[in-house]
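Below you'll find the structure, written out as structure tokens, and then a few comments.
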2 protein chains.
Amino acid sequence: MAVGVSVPMIDSQERVTGTIAYALNAELPGTLVGQVLRSPHPHARIVGVDASRAERLAGVVAVLTRNDLVDQDELFPYFGPVIRDQGVVAIDKVRFVGDPVAAVAAIDEDTAREALDLIEVEYQELAAVFDAEEALQPGAPILHERFPAISSGFADVILHLDEGTNRCNHFKLRKGDVEEGFKQADLVLEDVFRCPPVQHVPLEPHVTLAQVENGRVTVWAGTQTPHVIRAQLAEIFRIPLSHVRVVVHTLGGAYGAKCYPKLEPLAAVLAWKARRPVKIVLTRAEDFLAVSKHGVTIHLKTGAKRDGTLVARQATCYFNAGAYADISPRLIKNGGYGTAGPYRIANVHIDSYAVYTNIVPAGAFRGYGISQGAWAYESQMDMLADELGMDPLELRLKNVLRDGDTFATGETVHDMHYEELLRDAARAIDWQPAPPSPFEGEGLGVRARRGKAITCVIKGTVTPSTSSASVKLNEDGSLNVLTSSVEMGQGAKTVLAQIAAEEASLPLEKVAVSEPDTDSTPYEQQTSSSRTTFSMGSAVGLAVRDVRRQLLVLAAEQLEASAEDLVAQDGRVAVKGVEDRSLSYGEVVRKSRRGNLLGHGSFVTQGGLHPETGQGIASVHWHHATAGCEVEVDTETGKIAVLRFHSNVFAGRMVNPRQCELQTEGSTLFGLGQALFEEMLYEGGQLTNPNLSDYMIPSFEDLPCQLTTRIFEQPGVSEMHGIGETSVPPVMPAIANAVARALGVRITDLPLTPEKVLKALAEAP
Amino acid sequence: MAVGVSVPMIDSQERVTGTIAYALNAELPGTLVGQVLRSPHPHARIVGVDASRAERLAGVVAVLTRNDLVDQDELFPYFGPVIRDQGVVAIDKVRFVGDPVAAVAAIDEDTAREALDLIEVEYQELAAVFDAEEALQPGAPILHERFPAISSGFADVILHLDEGTNRCNHFKLRKGDVEEGFKQADLVLEDVFRCPPVQHVPLEPHVTLAQVENGRVTVWAGTQTPHVIRAQLAEIFRIPLSHVRVVVHTLGGAYGAKCYPKLEPLAAVLAWKARRPVKIVLTRAEDFLAVSKHGVTIHLKTGAKRDGTLVARQATCYFNAGAYADISPRLIKNGGYGTAGPYRIANVHIDSYAVYTNIVPAGAFRGYGISQGAWAYESQMDMLADELGMDPLELRLKNVLRDGDTFATGETVHDMHYEELLRDAARAIDWQPAPPSPFEGEGLGVRARRGKAITCVIKGTVTPSTSSASVKLNEDGSLNVLTSSVEMGQGAKTVLAQIAAEEASLPLEKVAVSEPDTDSTPYEQQTSSSRTTFSMGSAVGLAVRDVRRQLLVLAAEQLEASAEDLVAQDGRVAVKGVEDRSLSYGEVVRKSRRGNLLGHGSFVTQGGLHPETGQGIASVHWHHATAGCEVEVDTETGKIAVLRFHSNVFAGRMVNPRQCELQTEGSTLFGLGQALFEEMLYEGGQLTNPNLSDYMIPSFEDLPCQLTTRIFEQPGVSEMHGIGETSVPPVMPAIANAVARALGVRITDLPLTPEKVLKALAEAP
């Protein structure tokens, strides 16, 4: 048994000895250093770019500007996973402070930096807009007058484009009759919730090493989406996919920041111009300019009966996409339907917008639109409980989805475990139905007030979805797994090895798992959406079964038995009941003289939503998590201390219990930072805290005094669910609700800084 | 149509711009330079090795000696593709001048070289033996008292080991009754022919970059046999095959020199000791010590009827294996049965020996044992013709194999084209049945004498044999071919791309062919034996057909038609006869949502010879070639000029006619060097000419005045035959026979140096 066992990560030795290969360490002979010149303006027309002085600097091999990209037929100079709206470097305009305007390839970093200073760019400044709602007002400055192209994109993207406005996309969900629902309600709450853009802050910044030679483009990239990068580079260079190679080593963290093209097009086109390999590594300050989480404003209106039954919900979500679309056109779908929450609500009306503004482009981020919605609806659930005079736990238990209910998208849900998860969270923090009023901490000074809260969240996984895997059974019976899933610290390699070993009935030591190399490893849609264990795990399982089928057919002939009478176990094929009639896997392969056996698996899920109503299948199954927490707030300083935090999640069947726990702990801490202090601060479009002194992420000091997790499973019945993100969204509203319960005041915009706590206390009635 | 077209090599641009990636260029961060300490003695016992002074030298990271390899359980310190008789470094004894005794990994070359001088080795010299026949005499010094282990080896190896003697292996062929045959003969000739060891001299020397980390061994090696290297390293490091990765870039030539382990075990074990990557690049002088062609002595006795009918042949071949077995135990099989020649002979008796001696180990070499046999039998054929007073062409035409005949191995031959090949060679050099006497060149001084000759040769391809390939049809309809065939200038990538494009009905530009990477590219037995086009080409064809089958099934559903009514052509699947009902390959893949389609092919040939009689199936088909030449010999200087040389070969079906011609031209020149001057010269076991000043290879000055080739094919009927070596063996006897015809003297040991010519003339009656 390899599945269900907490084996150490199979790359743990490499991790602790520092020998693991990151893209950051990739080297090619003759590689140049790439550096990027960035816009100082949030919005400006480019009047002219003169790189001649930079090009004359000794040691400079190439300077890439828009002059290389216009009036030529070799390259299509725009990219973007859905809307190809981003120039490889800025072409007509710059749209945020930090927008790449030019890039230099030089023999060393100093030379490259010096050359950047010699590039002359003449700008004509334009009015800028930073807020998503403002950007949709008539007369707002328009970022994209036109879209250069639309990418073939993703099977699940619903597009309602509105070229020439700042509305980048619009998702609609219409279930039941929301007006009628509100009429039936005894109580209607209407609130506005906000959360700011925040950073992913992976330890390893964005990095790409690129080589363009002989009609082939090769990049070693720190990316979660090698096949998207391949497709985008093929579109830019106008070459077949077979001539683009994307190699991905282990990532030093990602959290969504490394989905979809970031640095890769610029590095590749710079290498094309330089005719030599080019490597670009972003500084931390630049990494802040690469991508962020979406800031959002959500107008949330919920109607309930006196007994707590939810009858109607209307949400309007303004996702701030920043300067370029990136994955926003798709993310607002999840952020849209997700705002319905894990509740049985007959009438739901949601509009979710991705809006262009002149800030850093927003993209995928651990929690993928669900955190923003959950921040709104789980905050409001406690507000509703207070208004109804109900125990918030009971309100949730009354409405939460159970097997056979329909979700906001109209699909029937199965395998729902909210009740046991909610009760587990309650138990973990000694939840007592308490009056919605602050109480003082026991045995503590009067300044400290304590509160508890419980939240629950629903999250889908990208559907439809495709993962393809190969396995190679070698002539000694060992197994190579070929997968394009990206290892980024989440343990993908380990989990896939466990699944392969289990399916093949081989010891884990005989299994090796590849890194992505799009020339040779099969298609994988993306390593994100908490889908690797489920989707690629299933594909690997299918591939092993394909090989096992071949193995049994060959062994049947060799053992002179029928394949049905054979069993493949512990590395041997044996005739059932006849112990001594058996061959090792390696013997079967060698006797067959086929050199190796090759198996394939493609795992494809089906689904999709109606473009006008959002009804259909949003997710092949549902990730669900709840959180329970207790906080203590210092009413004099406004500082929030998390005393206890309990996260739980439904995992279906666990592959590696210890890794599930660690992932869940990580998610909790990820949410903690966003709850308490993470925020990208802008002044006039200029990011003012792009460094780890001014932008805080949780440290050990911020850990909850008591941090517990529990993973629920239903082995033998359930699929392997992803759990990589599910525990992030419950954290922020849990802490806010506990603070509200402690202080009797409600903060509706993240993060819950001491300043906001004090201000709220001061303004409290 | 992509097959049958002389497209330029698909990597030609990389070749001429110098951007092609060779193993020589492979780099890893922190790579150390490896250098090898070699034995100064041809045969000696190692009394002691002291590396302590070398280890203390600043900049030295590791010194590997036998002290690291004995009394430990981590590694098995011997390797060898058949007999594991070679220590990673010498353990008990050294067995040739150049035998690796120790290796140093240091921060730079100078330090490594300096360290070599500090290693103290105490030897006890032993008597040595250099000649194969002498080495089999009683009382000869014994090289290997015991074999540390036998490798699982190759399916076609016949082993008759004799541990504790210098007989490394013995191949026997027994057909008919040879004694009875000689009784029937009117004429019996008995001669001894010799050829010396020669060098392959690829432009790129042997090179390996190795990394051993975290239980994984990775080598970037200049090898023709990545899967053999993988197996050997797995045996040395006692780990599963899935944990050994062999990556092979394009080789800068190979010619057999890079088959089977050479530098790889030493580099990998040195990297293991150093705990850092190590790269070893041999100097040219060291490359001469890595491997050579087998020197051989052949006792050949042939009986013929008065009318020229061959009735009996007995051959005893002593292949000088040098100090280690390498592939000799297998090569002597080909060298054995091959000595029967392409003739219908009812009674054949062959003994072929691989013999250990204290010189550089011999291994695979373009022509693989066939050149040596052909040197003997094609020389003797002209001698026989002279004795019989027959036209040598007629003698050959009378006896040469035709469809339905049986070869010496008892197998019936098909697809025989000797008659047309021989007549083509005759035409090409204006062959006239001429008296076997010298004649003076027309219009030339008296010193110059001219002669013509025609020779023919048969060569098998390794049988049984296995090639496995994968193809990946991408979502834009482009195709990646995954193969472990090695590109080494022979055009493997181009030919496999043409075959894939043809089978897939895609333009060549959409096809990309991988390099070997044993983690991800399927099993390939070896890139040698002229088998790539035939064997891997067939596997690639099967893999494409596998994908096409899937494509049609998917398209059938998408086009609402039966798969039988569909045709896949020019990148589109269409309903037969309904032009507008079609989808591009890419559309089918995208609609299927499978990401990519993966196809596999395994091509396995069956055969094998009886271990005692050599009867059975030696080759799945037969390569045949003939040569015609005219030489002019300067009787004063002894110098031979080749006036005309015509090589032809039967290719079955040509994939790339121009490449076939170029391969054949290359083979001819390869043979020319061996005919005229190539020879490794030893004095007391010390190689005296290990450099390209003293060891000559053909230059443009040595080119025949007129060099022509003709490739025969039978498209639609025949398989694609390999032609990479077939034209080498006819060259040496053709030139010798022409010289004999010019001068009336016979030289039986290669090369035909001016000194030998003058000596023969002086000794002539």
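Reminder, nothing fancy here: chain letters follow the sequence lines and each chain counts from 1.
- Looking at heavy atoms from C-beta onward, A/S468 lies in side-chain contact with B/L598 at the 4.5 angstrom threshold.
- For the residue pair A/D476 and B/L241, the shortest heavy atom distance occurs at OD2-N, 2.8 Å.
- The contact between B/S602 and chain A is made entirely by side chain atoms (from C-beta outward), counting heavy-atom distances below 4.5 Å.
- Applying a 4.5 Å heavy-atom cutoff, the residues of residues 209-218 of chain A that approach chain B are A/E213, A/N214, A/R216.
- The two residues A/S242 and B/A512 come nearest to each other via the heavy atoms O-CB, 3.2 Å.
- Heavy-atom pairs under 4.5 Å with chain B peak, among A/S592, A/G30, A/A21, A/S465, at A/S465.
- Residue contact with chain A, scored on non-hydrogen atoms closer than 4.5 Å, is absent for B/S467.
- Your options are B/E524, B/E509, B/Q525, and the one with the most heavy-atom pairs under 4.5 Å with chain A is B/E509.
- For the set A/I239, A/D519, A/V604, the entry with the most heavy-atom pairs within less than 4.5 Å of chain B is A/D519.
- Take A/D546 and apply the side-chain hydrogen bond (donor to acceptor under 3.5 Å, both in side chains) test, not counting sequence neighbours, and it matches A/R549, A/Q550.
- Contacts between B/V511 and chain A at a heavy-atom distance below 4.5 Å involve the backbone alone (N, CA, C, O).
- Neither the backbone nor the side chain of B/T483 comes within contact range of chain A, judged by heavy atoms closer than 4.5 Å.
- Here B/N596 is the residue among B/L597, B/N596, B/N25 with the most heavy-atom pairs under 4.5 Å with chain A.
- Among all heavy-atom pairs drawn from B/T518 and A/K472, the shortest one is O-NZ, 2.7 Å.
- For the pair A/R594/B/H600, no side-chain contact is recorded, criterion being any heavy-atom separation below 4.5 Å from C-beta on.
- For B/S12, no part sits under 4.5 Å from any heavy atom of chain A, backbone or side chain.
- With chain A as the partner, the residue from B/G477, B/A539, B/S514, B/P464 showing the most heavy-atom pairs under 4.5 Å is B/P464.
- Between B/S478 and A/H243, the closest side-chain pair of non-hydrogen atoms is not below 4.5 Å.
- Contact record, B/R230 with A/N480: NH1-OD1, 4.3 Å, taken as the closest heavy-atom pair.
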